[in-house]
Structures are given as structure tokens and as C-alpha cells.
Participant: 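Following this message is one structure expressed as C-alpha cells.
Predicted model only: the values in this text are computed from it and were never measured. In each ligand, atom 1 is the first atom listed, and ligand 1 is the first ligand listed. What's counted below: heavy atoms across the whole structure, side chains too, no hydrogens, waters or symmetry copies.
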Amino acid sequence: WNEPAIVGSVLGADYARLGEEVADLTDAGVGRIQWDVMDRRFVPNMTFGADVVAACRAHSDIPFEAHLMVQDPDPVLADYVEAGCDTVIVHVETCPHLHRTLAAIRELGAKAGVAVNPSTPLDFVRHVLGQLDQIVIMTVNPGFGGQQYIAAMEHKVAEMRALVDVSNSALKIEVDGGISRDTARSAWYAGAELLVAGSAVLSHPGGKRAAVEELHRAMA
Ligand code: DX5
């Protein structure tokens, strides 16, 4: 599969300087910026509306992806695409009509992603793989940054990698949660090519660029 790319999550960024933080993450060498959108219903926290994402769009020239950890994503899909997100990720657990929701994301001109929580089997997305550009395998329970990586999810990553390789699909596999220099290597070798990192980058004592370089070295 493709070279690994670190996806910079802004969940733990300094919200008083968000545009600068997005620019710094971009300069630090992340491949994309991830917006962890939370509604305090599907997950215990509340974060970014689409206007906040739109305000930061001009501060970076790399792709934005919206990770919608919200109870009812359908009404807000267009808002995040219009705000400048190239990929919109919904949670399978919040989409009773996932086939329709993924089609709606693509009709908006964005790439369609689906995230699965630790307890959710991959079987829930088996019948929509053809409509997916990306699958996000959560390696923490969503809602917070800085949590412990759930290594048991690597079996799910490997299962997905086998499914993608046998179907010769262009589907990208992303892992999200607890990625650090100690966990990036095994997540990458399990089959993930996009690794979301929030706290490991944002709170690295050596700064964002040193953190991203350290993560890439961990996977070399
Ligand atoms: C959980 C979030 C986090 C975030 C990354 O809901 O999705 O996983 O992106 O946070 P860290 O890298 O600090 O675990």
C-alpha cells in the first residue's frame, strides 16, 4: 500500500490561534488536516462548526477531512464540504441509511469516508465498499484526544487491508486515536496508510515538525 501519511488532528490545538496552528501543522509535513467534529451527543465533547473550518481554509493548502462524530450527519454534510473539506467521514453507528449518506457526500464532490468504533465489526460496511474512498478504524473510543491506543484493533486493520488488497480497491485505510512513536509502526505494518495524530504532534516538546519526523522514522 501507499507510503504512510500522518494526518494532523487539530483537536488539541490552541483554539485561540487555530489558523496559525493549522499553518504550522501544514509546514510540519502532515499530509492532511483532520477536523474532529463533535456534537456532545454522539460523543461527550463539542468542537468545531463548519464556520471554524472555513475560517482556517486559507491558512493551509493541504486537504482537509471532516471526521463527523455527530448523531445526525446528513444535514451538515454540505456545510463541511463548502467549508473546504475534501473528504467527509461519517460514523457507521450514526447512519441508518449509510448507502444514501455516502452517495450524498460524493454528489457534493467530496471523498466519502466511514469510521467504525472499536466494537463495530467491519461487516457493517461490507456492502458499501464500492462507495467508499476511505475507512477510518478507530483505535480509541471517540470523543477525546490523548487516549491509550487499543492495539487489539490491529486485527481489524489487517482484516480491512486483506479485503482491500483482494478487491484491488483504491480504498484508503486510516487509523485514528493514540498514534505515537510507540504505536505508529505496528499500525502501519497492520495495514494502515493514513495515521491520525493529535496529541503526539501538538504536544511534542520538540515542536510539530520534529514530532512528524519522529513518527515517520518510527515507520521506516
Ligand atoms: C477521538 C479523536 C482523536 C484525535 C486524535 O475522538 O478522533 O483520536 O483525532 O487524538 P490523539 O492522537 O491525541 O489520540
Participant: Should the pair Arg57 and Phe64 be classed as cation-pi, given the thresholds of under 6.0 Å to the six-membered ring centre and 45° from the axis?
Facilitator: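 Output yes; distance and angle both within limits.
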
Participant: Can you report which non-hydrogen protein atom sits closest to atom 12 (O) of ligand 1, along with the distance?
Facilitator: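 Looking only at protein heavy atoms, the one closest to atom 12 (O) of ligand 1 is Gly198 N, 2.7 Å.
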
Participant: Quick check: Asp36 and ligand 1, any N/O pair under 3.5 Å apart?
Facilitator: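 It does: an N or O of Asp36 is found under 3.5 Å from an N or O of ligand 1.
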
Participant: Less than 4.0 angstrom from a charged side-chain N to a carboxylate O is my criterion; do Asp86 and Arg32 meet it?
Facilitator: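 So Asp86 does not pair with Arg32 through a salt bridge.
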
Participant: Kindly assign one of parallel, tilted or perpendicular to the pair Trp35 and Phe48, based on the angle between their ring planes and the thresholds 30° and 60°.
Facilitator: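 Ring orientation, 0 to 90° scale: perpendicular.
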
Participant: So which protein heavy atom does atom 1 (C) of ligand 1 come closest to, and at what separation?
Facilitator: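 Nearest neighbour among protein heavy atoms for atom 1 (C) of ligand 1, to 0.1 Å: Phe144 O, 3.4 Å.
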
Participant: When Asp176 is tested against each of Ile89, Leu194, Asp36, Val7 for side-chain contact (heavy atoms from CB on, under 4.5 Å), which residue passes?
Facilitator: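 Of the listed residues Ile89, Leu194, Asp36, Val7, the side-chain contact (heavy atoms from CB on, under 4.5 Å) partner of Asp176 is Asp36.
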
Participant: Looking only at side-chain N and O atoms, does His91 offer a donor or acceptor that is under 3.5 Å from a partner on His67?
Facilitator: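 Result is yes, a qualifying pair exists.
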
Participant: Look at Glu65 together with Lys111 and state whether they make a salt bridge at an N to O cut-off of under 4.0 Å.
Facilitator: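 Not counted as a salt bridge, because no side-chain N and carboxylate O are separated by less than 4.0 Å.
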
Participant: Who's the nearest protein heavy-atom neighbour of atom 14 (O) of ligand 1, and how far?
Facilitator: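 Of the protein heavy atoms, Gly178 N, 2.8 Å lies nearest.
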
Participant: Check the side chains of His204 and Glu214 for a donor-acceptor pair under 3.5 angstrom, ignoring hydrogens and angles.
Facilitator: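 Side-chain D/A pair, Glu214 to His204: present.
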
Participant: With heavy-atom distances below 4.0 Å as the criterion, list the atoms of ligand 1 near Pro142.
Facilitator: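 Those of ligand 1 that fall under 4.0 Å from Pro142 are 1 (C), 6 (O).
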
Participant: Does Gly143, backbone or side chain, put an N or O under 3.5 Å from an N or O of ligand 1?
Facilitator: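 Min N/O separation from ligand 1 is below 3.5 Å for Gly143.
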
Participant: For atom 13 (O) of ligand 1, grab the closest protein heavy atom and report residue, atom and distance to one decimal in Å.
Facilitator: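 Among all protein heavy atoms, the one nearest atom 13 (O) of ligand 1 is Ser199 OG, 2.5 Å.
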
Participant: What is the closest protein heavy atom to atom 5 (C) of ligand 1, and at what distance does it sit?
Facilitator: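 In this structure, atom 5 (C) of ligand 1 has Asp176 OD1, 3.7 Å as its nearest protein heavy atom.
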
Participant: Which of the numbered atoms in ligand 1 are below 4.0 angstrom from a heavy atom of Met38?
Facilitator: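 Reading through ligand 1 atom by atom, the close ones are 6 (O).
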
Participant: Please report which non-hydrogen protein atom sits nearest to atom 10 (O) of ligand 1, along with the residue it belongs to and the distance in Å to one decimal place.
Facilitator: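 Answer, as residue, atom name and distance: Gly145 CA, 3.7 Å.
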
Participant: Does only the side chain of Ala197 get under 4.0 Å from ligand 1, or the backbone, or both, or neither? Count heavy atoms.
Facilitator: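 Just the backbone.
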
Participant: Please state whether Gly146 comes within less than 4.0 angstrom of ligand 1, counting heavy atoms only.
Facilitator: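 Contact present.
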
